[in-house]
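Notes to accompany the following structure.
Numbered from 1 within each chain, the chains take letters A, B, ... in sequence-line order.
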Number of protein chains: 2
Amino acid sequence: MDQGASGRRPATATDGRLARGERRRAEIIDATLRVVERDGAAGVTHRTVAREAGVPASLTTYYFATLDDLLVAALTEVSDEYVRQLDEIVESGGDEVGGLAELIVAAAGNGRRRALAERELSTLAARRPALRPVARRWRDTVAEIARLHTSDPLAVDAMVAAADGMCAAILLAGERPDVSRVRAVLARTLGTGEADVSLPITSGSHRGSRLERGQ
Amino acid sequence: MDQGASGRRPATATDGRLARGERRRAEIIDATLRVVERDGAAGVTHRTVAREAGVPASLTTYYFATLDDLLVAALTEVSDEYVRQLDEIVESGGDEVGGLAELIVAAAGNGRRRALAERELSTLAARRPALRPVARRWRDTVAEIARLHTSDPLAVDAMVAAADGMCAAILLAGERPDVSRVRAVLARTLGTGEADVSLPITSGSHRGSRLERGQ
DNA sequence: GTGGTTATTGAACGATAGTACAAATAGAAC
DNA sequence: GTTCTATTTGTACTATCGTTCAATAACCAC
């Protein structure tokens with residue numbers, strides 16, 4: 001443990017109780033996400049989450065007084081993670097559109113359950129105005145990627161909508177789509193028809209994203 | 001055993017009991033849709049639907065043994081209605097893309113609750129393979145509209161995805177978007193950048209769909 | 001150590017859920 | 001009329017829900 005020299009301030013760093021509380025809180029949120037992935041948002045209750053996390057039911061109500069608080073926290077968590085992935089794609093500096101395409105296609109494989117959870121929680125957000133900013137952050141980040149390639153606000157809208165719509169299509173289709181095809185659709189929405197979009201095909205930033213040249 | 005002595009009729013036409021049953025069934029489905037619109041898919045129970053329909057709770061279980069049956073029926077109903085509206089747009093023969101844009105924008109106004117219900121139920125469908133064909137019918141019909149204007153499968157995918165994504169954006173945004181802007185985005189996804197899409201601006205098929213000429 | 005704060009637990013309450021089932025009603029077939 | 005089938009209702013059972021609450025354990029400040 002910590003041998004308390006003079007006081008450290010942030011409270012959550014010094015107070016072991018608060019630190020443990022933060023950890024517990026994170027554990028419960030993770031368990032909530034697992035429940036959403038397995039049974040859907042409708043399966044989230046204080047008790048089911050508690051069972052999933054291996055804690056008494058009263059502990060989940062201690063950290064999240066209402067069921068809504070729990071869902072808000074879960075949506076925030078999954079949204080944060082997606083935004084983080086998008087930021088990585090941007091910062092890696094290579095083919096951002098191709099990277100986005102790979103992220104979208106991942107919703108057919110390993111990322112399916114997570115993508116499903118994000119969609120369920122976002123749909124839930126449509127009824128809770130307070131949740132809308134959180135649910136919109138994925139769209140905002142995709143819009144930033146679009147603005148790297150065009151200044152046309154119409155093109156930005158188009159790519160954001162297409163990205164979201166293709167995610168939905170993949171979740172509903174079940175069959176794995178082609179990354180190059182997804183990328184081609186994104187490029188189509190971005191570009192005005194010229195070579196505008198297909199710029200940085202250069203080095204292997206997102207290797208594997210084989211680009212289709214034919215429009 | 002059944003004595004199939006005389007008539008071979010549809011039964012529902014001759015037998016007043018079955019006819020009444022069909023009517024009751026439809027009433028319950030409508031009530032279910034109202035519950036979904038008001039409280040979301042999570043608010044659907046045998047009892048809440050029964051209260052909404054003004055019938056005893058046991059009657060909803062008589063017609064829909066499981067809760068899933070009820071949701072399937074509701075999704076089928078709302079999906080049917082949307083496909084019907086799209087068919088009307090196509091059959092009216094005018095500016096189909098503009099008509100689609102108007103339908104999408106309607107999700108910000110009067111059609112909001114219905115669009116929300118459709119989205120909630122469709123999201124539900126992602127977990128039930130048997131439901132996927134039903135949830136995909138809107139997309140299929142939009143694809144048909146796209147194919148009226150292009151033979152490029154990539155363009156078809158793009159417009160379907162964009163249409164779906166813009167619906168989601170509108171439900172999450174809350175602010176009413178511009179019909180002409182939505183139409184412009186759809187046209188962008190369809191066209192290769194040329195005048196290809198903006199063909200049938202002719203007579204007032206869907207009056208009010210003011211087209212923006214500038215791409 | 002004492003005192004105060006936070007985390008954690010178990011038990012209980014009332015409300016509501018899905019489900020089952022027997023009885024009652026209405027219409028069809030005879 | 002009788003008989004059969006389909007619809008409709010009331011009721012009861014069991015399970016789980018959100019929520020509350022008092023009591024305990026862990027921890028920090030002194």
Side-chain angles (χ1 to χ4, degrees), chain A residues 1-29 31-32 35-36 38-74, chain B residues 1-29 31-32 35-36 38-74:
Chain A
M1 309 311 181
D2 56 346
Q3 69 287 31
S6 53
R8 248 0 191 315
R9 315 295 133 29
T12 64
T14 61
D15 195 329
R17 298 170 301 179
L18 297 180
R20 246 163 63 100
E22 286 298 313
R23 246 179 296 141
R24 272 285 199 231
R25 204 183 133 90
E27 285 176 20
I28 291 175
I29 292 176
T32 305
V35 171
V36 175
R38 186 180 359 105
D39 305 324
V44 173
T45 72
H46 279 127
R47 290 176 208 270
T48 57
V49 170
R51 271 195 292 271
E52 176 69 31
V55 299
S58 43
L59 196 57
T60 56
T61 75
Y62 173 74
Y63 282 100
F64 303 95
T66 84
L67 217 54
D68 245 43
D69 294 338
L70 204 48
L71 292 170
V72 169
Chain B
M1 330 305 189
D2 56 344
Q3 68 285 22
S6 53
R8 230 341 171 206
R9 327 237 153 64
T12 65
T14 60
D15 196 327
R17 298 170 300 178
L18 297 181
R20 246 164 60 100
E22 286 298 313
R23 245 179 297 141
R24 272 284 201 231
R25 204 183 132 90
E27 284 176 22
I28 292 175
I29 291 176
T32 305
V35 172
V36 175
R38 190 188 346 113
D39 304 324
V44 173
T45 71
H46 279 126
R47 294 176 137 95
T48 56
V49 170
R51 272 195 291 271
E52 175 70 31
V55 299
S58 42
L59 196 58
T60 56
T61 74
Y62 173 75
Y63 281 101
F64 302 95
T66 83
L67 217 54
D68 243 45
D69 294 338
L70 204 47
L71 292 170
V72 168

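- Taking atom CG on B:L67 and atom P on C:dG18, their separation rounds to 5 Å, with Å as the unit.
- B:T60 comes within 4.0 angstrom of nothing in the nucleic acid, heavy atoms only.
- Screening residues 55-70 of chain B for salt bridge (Lys or Arg N to Asp or Glu O under 4.0 Å), with sequence neighbours left out, gives B:D68-B:R128.
- Taking atom NE2 of B:H46 as the reference point, atom C1' of D:dT16 lies 17 Å away to the nearest angstrom.
- Residue A:R25 is classed as having no contact, given no heavy-atom separation below 4.0 Å to the nucleic acid.
- The side chain of B:T61 places no N or O atom within less than 4.0 Å of a non-bridging phosphate oxygen (OP1 or OP2) of C:dT19.
- Closest non-hydrogen pair, B:A41 versus B:V36, comes out as N-CG1, 4.1 Å.
- Atom CD of B:E22 and atom C1' of C:dG27 are 16 Å apart (whole Å).
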> What do the steps show when you test B:V44 against B:L71 for side-chain contact (heavy atoms from CB on, under 4.5 Å), and what is the final call?
Replying inline: CA-CA 8 Å; B:V44 173; B:L71 292 170; 4.0 Å; yes
Set out, line by line, the N/O atom pairs under 3.5 Å between protein and nucleotides 8-11 of chain D.
{"from": "D:dT8", "atom 1": "OP1", "to": "B:R24", "atom 2": "NE", "distance (Å)": "3.1"}
{"from": "D:dT8", "atom 1": "OP2", "to": "B:Y63", "atom 2": "OH", "distance (Å)": "2.6"}
{"from": "D:dG10", "atom 1": "N7", "to": "B:S58", "atom 2": "OG", "distance (Å)": "3.3"}
{"from": "D:dG10", "atom 1": "O6", "to": "B:S58", "atom 2": "OG", "distance (Å)": "3.3"}

Atom pairs and distances, donor-acceptor, side-chain atoms in residues 57-65 of chain B, under 3.5 Å, two or more places apart:
{"from": "B:T60", "atom 1": "OG1", "to": "B:H46", "atom 2": "O", "distance (Å)": "3.0"}
{"from": "B:T60", "atom 1": "OG1", "to": "B:A57", "atom 2": "O", "distance (Å)": "2.7"}
{"from": "B:T61", "atom 1": "OG1", "to": "B:S58", "atom 2": "O", "distance (Å)": "2.9"}

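- Here A:T45 contributes atom OG1 and A:L70 contributes atom CG; the two are 9.0 Å apart, rounded to the nearest 0.5 Å.
- Tested against A:E27 for a side chain to side chain donor-acceptor pair (under 3.5 Å), the candidates A:R25, A:R24, A:R23 yield a single pass: A:R24.
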